[in-house]
Amino acid sequence: MRIDVVSIFPEYLAPLDLSLIGRAREEGILNLNVTNLRDFTTDRHHKVDDTPYGGGAGMVMMPEPWGQALDSVRTSAPEAAKPILIVPSPAGAVFDQQMAYDFAEEDHLVFACGRYEGIDERVIDYARENFTVIPVSIGDYVLNGGEVAVMVMIEAIARLIPGVIGNPESLVEESHSDVLLEYPVYTKPAAWRGREVPEVLLGGNHQRVARFRRDEQIRRTATRRPDLIKLLDAAKLNRKDRDA
Ligand code: 6GU
């Protein structure tokens, strides 16, 4: 997969050199390029923003540097017919695991990081000629710019690409338990500061362990995320699940 990120703060994305994503890049599984929007300015001060038409607080990102940057990304990567252009914005559709699965199947993703009050809307219109444009938010709160949101999305997407994660079985387990929160986990020692590991986990009875874990998942989901319980398919709940 190829991923392009356009930003006025390319250094913000430096952590993508690390850990599993960094290794995937070294191994050529992930071709990730970060482009500095200011490279596409022509004035002495590398200006990328200006005051909003109609007035109001803050600044708006100017169309011309964005037009040049998106044209450059498009022509440097002719392989995919129409790359996805993800525009991080608190006004976008909320990113979730299903979006991560869908984006992980694409050949080419481009992230356009806005700062200030946003990007001139004509850039978004123009981009639809060459990209499938999708405004995406990572949740209902406000960040200063798209860079941190893009890191969140890239991590969620990249770990689903075959070969990025060491143990692909963990992905299978995750996908089966998508709507339920994860069960609590324990490791050695069996007793620590007066606290014991639940006895059922020490016994080696796989059926009892599975029952314990599923009960904990249901209990956690009901107390921490009652909104998710609605999504649970009633048909997939068995009698023992209901008792939990
Ligand atoms: Cl994607 N961008 C910004 N600037 N703020 C956000 C966001 C994105 N998602 C939640 N808040």
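The structure presented is a predicted model; accordingly, all values stated were derived computationally and were not measured. As the structure lists them, so they are numbered: ligands from 1, and atoms in each ligand from 1. Residue numbers run from 1 in the order of the sequence given.
The pair E182-R220 fails the salt-bridge criterion, with no side-chain N (NZ, NE, NH1 or NH2) lying under 4.0 Å from an Asp/Glu carboxylate O. Here R23 does not pair with D17 in a salt bridge; the nearest charged N to carboxylate O distance is not below 4.0 Å.
At the shortest separation from atom 5 (N) of ligand 1 among protein heavy atoms lies L143 N, 3.2 Å. The shortest contact between atom 10 (C) of ligand 1 and any protein heavy atom is with G139 O, 3.0 Å. Looking at atom 9 (N) of ligand 1, its nearest protein heavy atom turns out to be I138 N, 2.9 Å. Atom 11 (N) of ligand 1 has its closest protein heavy atom at Y141 O, 2.6 Å. Closest to atom 3 (C) of ligand 1, if we only count protein heavy atoms, is P90 CD, 3.5 Å.
Nearest heavy-atom pair, R128 versus K82, reported as atom, atom and distance to 0.1 Å: O-NZ, 3.3 Å. Scanning all heavy atoms of the two residues, the minimum distance from G58 to E117 falls at CA-CG, 3.9 Å. Closest approach of T187 to V197, counting heavy atoms only: O-CG2, 4.2 Å.
Near V136, with a cut-off below 4.0 Å to any heavy atom, the atoms of ligand 1 are 1 (Cl). Residue A149 approaches ligand 1 through these ligand atoms, each under 4.0 Å from one of its heavy atoms: 1 (Cl), 8 (C).
Between P88 and ligand 1, a contact under 3.5 Å exists for no N or O pair. Residue-to-ligand polar distances keep N144 apart from ligand 1: every N/O pair is separated by 3.5 Å or more.
S7 places a side-chain N or O within 3.5 Å of a backbone atom of F9 that can act as its donor or acceptor partner.
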- Query: Between E216 and R219, is a salt bridge (Lys or Arg N to Asp or Glu O under 4.0 Å) present by the stated rule, with each step listed?
  - Reply: CA-CA 5 Å; E216 288 300 310; R219 233 192 304 277; 3.2 Å; yes

